[in-house]
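Reviewing the structure listed below.
Just so it is clear: chains get the letters A, B, ... in the order the sequence lines come, proteins before strands, and each one is counted from 1.
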Number of protein chains: 2
Amino acid sequence: MTDDTGRYDVTRYQRPSVTVDVVIFTLCNQELQVLLIQRARWPYEGCWALPGGFVEIDEPLERAAVRELEEETGVTDVYLEQLFTFGRTDRDPRSRVITVAYLALVAAERIRPRAGDDATDARWWSTYALPALAFDHRQILDYALTRLRYKLEYTAVGFELLPQEFTLAELQGTYEIIVGETLDKANFRKKLTRANVIEPTGQFRQTAGRPARLYRYREDAVAEVKARRLFP
Amino acid sequence: MTDDTGRYDVTRYQRPSVTVDVVIFTLCNQELQVLLIQRARWPYEGCWALPGGFVEIDEPLERAAVRELEEETGVTDVYLEQLFTFGRTDRDPRSRVITVAYLALVAAERIRPRAGDDATDARWWSTYALPALAFDHRQILDYALTRLRYKLEYTAVGFELLPQEFTLAELQGTYEIIVGETLDKANFRKKLTRANVIEPTGQFRQTAGRPARLYRYREDAVAEVKARRLFP
DNA sequence: ACAAAAGTGTTGAGAGTACACCCATGC
DNA sequence: GCATGGGTGTACTCTCAACACTTTTGT
């Protein structure tokens, strides 16, 4: 620490503002969607932005992220992961603002649509057709997308976007949507079986054809699938 | 952003201090070592800590990390990667301090030993025999170690700890020291060959036995070895 | 019976692992 | 020649990817 020399102390420094921004993904209409809110005032008035806000002085970072997430979606207890801290000096025209970005995954049916309780417009956008974003939020979103795709390759994180019980076809569809390529049914199933991260519930779901066995995520499964990547 | 509702503005918030802390690893005496500095004053007076310091108000985050690194080791242009941002409210007894942790890898012979230019004691410690650390620095260091070991499995980052030219035995030794297990010589070589990240320089190094071929890192190599993990 | 969707088996190619062996140098 | 360390070949196993196939339901 620079102040170990005795030449500086904590109060001598101008302090930056610190915010959290949360990239909230969900799966809806066969699309990966992200929640954006429309800014009501300068700067970037009318522009869409990631949900986020200032970190309170007595609030842990992650709790700030959880709070923002809850304010916008009404859900708590979802997958939340710190992504990266963005600290360019010119990223906010008002003053020096450092933002800690988080990645959240929410199953579509868990979202309680928020009554627009503070006149701020908020809606889900397809990640394939995004509007212009405020600040460096486009960069943050791209980073989040890259991380999500990458993470899907070697962890079981895809379950977080599905309901508690799901069929293998639904899970495969999730993966296909996110990574943007089709996967072989048989091989996908074999890998999941070997990874040992899901278990059948014993229930079935009616379909147009043969009923599909329902699975759930194994609570005792290791989040990190050590063995190999889950898809090609 | 919470202030989009119009109820808040930037100046309304008490701001935390923001620091960077850098976990600087090197390889020396067949050990993975980390650079620590001894604190001269309260809090944690006399205690060892990671090098770090406050982020200037007009200074990008990464530049602050580079600056700290240069102050302590005299080197620039080394491998530097943002690790994680630690934001517990009680991590610094002086006030709310959020720290952005960075991971740096420096080849031992690049280090210009710094004359103790500001009476602060600084030295390298083996990661196997660490002293008590100030703040939450032990947690940060453990996180850095985990990340380094993990990253070594699927990237070529190990080269950063070696001189520009190295033998395969030296490279294997690096990996063995960091992951803490012995590797099969033949298989290690085959994997590196397939990964296509190194090339022979044409030079040789004298040894007690047959001279060893020298290699260098391929500039055009992709940092991320997509194919497979580099070791079992 | 047929369509639709679930679910399985087979096969060849390549990667991982273990271990034995050969090669070049100094003394 | 022999010790020393660098460097290679081989054989067995496992995983991967592709693709054809069987099973169970509704109509």
Side-chain angles (χ1 to χ4, degrees), chain A residues 30 152-156 162-163 165-177 179-216 222 224-232, chain B residues 30 150 152-156 158 162-163 165-177 179-216 222 224-232:
Chain A
Q30 307 292 314
L152 220 56
E153 294 187 4
Y154 60 94
T155 73
L162 287 173
E165 304 196 341
F166 49 85
T167 70
L168 287 183
E170 288 164 356
L171 184 58
Q172 186 179 338
T174 303
Y175 274 73
E176 288 179 338
I177 288 165
V179 303
E181 45 188 288
T182 58
L183 306 172
D184 183 277
K185 189 171 43 156
N187 297 337
F188 184 80
R189 281 153 195 259
K190 267 178 277 192
K191 278 195 188 172
L192 275 170
T193 309
R194 265 197 298 261
N196 214 41
V197 285
I198 54 172
E199 59 189 5
T201 64
Q203 307 289 103
F204 290 84
R205 172 166 299 165
Q206 285 328 300
T207 70
R210 170 174 169 178
R213 189 179 289 278
L214 285 169
Y215 291 82
R216 74 167 74 90
V222 270
E224 203 82 358
V225 180
K226 285 301 278 184
R228 291 285 176 274
R229 296 163 67 185
L230 274 178
F231 83 97
Chain B
Q30 307 292 314
Y150 191 70
L152 220 55
E153 294 188 5
Y154 61 98
T155 72
L162 287 173
E165 304 195 342
F166 48 86
T167 69
L168 288 183
E170 287 164 357
L171 183 59
Q172 184 179 340
T174 303
Y175 274 73
E176 289 178 338
I177 287 164
V179 303
E181 43 188 289
T182 58
L183 307 172
D184 183 276
K185 188 171 43 159
N187 299 335
F188 184 80
R189 280 152 198 258
K190 267 179 277 190
K191 279 197 187 171
L192 275 170
T193 309
R194 266 198 298 259
N196 215 39
V197 285
I198 55 171
E199 59 189 5
T201 65
Q203 307 289 101
F204 289 83
R205 171 166 299 164
Q206 284 328 299
T207 69
R210 171 175 167 177
R213 189 177 289 277
L214 285 169
Y215 291 82
R216 75 167 73 90
V222 271
E224 204 81 358
V225 179
K226 285 299 279 185
R228 290 286 175 277
R229 296 163 69 186
L230 274 177
F231 81 95

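Shown here are the salt bridge (Lys or Arg N to Asp or Glu O under 4.0 Å) partners of A:E165, two or more places apart in sequence or in another chain: there are none. Judged as a side-chain hydrogen bond (donor to acceptor under 3.5 Å, both in side chains), and not counting sequence neighbours, the contacts of B:R216 are B:E199.
For the OP1/OP2 pair of C:dA5 and a distance below 4.0 Å, the side-chain nitrogens and oxygens of A:R205 include no atom meeting the criterion. Contact between the side-chain N/O atoms of B:R213 and the OP1/OP2 oxygens of C:dA24 is not found at any separation under 4.0 Å.
Evaluation of atom-type donor-acceptor distances gives a pair under 3.5 Å for the side chain of A:K185 against the base of C:dG7.
Following rounding to the nearest Å, B:F204 (CZ) and D:dG5 (P) show an atom-to-atom distance of 18 Å. Between the CZ atom of A:F166 and the P atom of C:dG7 there is a distance of 12 Å, given to the nearest Å. Regarding B:K191, its NZ atom lies at a distance of 6 Å from the C1' atom of C:dG16, rounded to whole Å. As rounded to whole Å, 16 Å separates atom C1' of C:dT17 from atom CG of B:L192. The CG atom of A:L183 sits 13 Å away from the C1' atom of D:dC16 (whole-angstrom rounding). Going from atom CD of A:E170 over to atom C1' of C:dG7 covers 15 Å, rounded to whole Å. Rounded to whole angstrom, the span from the CZ atom of A:F188 across to the P atom of C:dA5 amounts to 18 Å. Computed from coordinates, the B:E181 CD to C:dG16 P distance equals 15 Å when rounded to whole Å.
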- Task: Sugar-phosphate means primed atoms, P, OP1 and OP2; the rest is base. With that split, encode nucleotides 22-27 of chain D 5' to 3' as B, S or - using protein heavy atoms under 4.0 Å.
- Result: -BBB--
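The CG atom of A:L162 sits 3.5 Å away from atom OG1 of A:T174, with the distance rounded to the nearest 0.5 Å. Atoms CG and CG, from B:N187 and B:L192 in turn, are 11.5 Å apart once rounded to the nearest 0.5 Å. Here CG of B:D184 is found 10.0 Å from NZ of B:K191. Values are rounded to the nearest 0.5 Å. The CG atom of B:L171 lies 9.5 Å from the CZ atom of B:R189; values are rounded to the nearest 0.5 Å.
Of all heavy-atom pairs spanning A:A212 and A:T167, the tightest one is CB-CG2, 3.6 Å. The heavy-atom pair separating B:T201 from B:Y215 by the smallest distance is CG2-C, 3.8 Å.
Residue pairs meeting the side chain to side chain donor-acceptor pair (under 3.5 Å) criterion with at least one partner in residues 202-213 of chain B, sequence neighbours excluded, are B:E170-B:R205.
Residue B:R189 is classed as a base contact, given a heavy-atom separation below 4.0 Å to a base.
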Grab the N/O contacts between the protein and nucleotides 9-11 of chain C below 3.5 Å, and write none if there aren't any.
unit_1: C:dT10; atom_1: O4; unit_2: A:K190; atom_2: NZ; d: 2.9

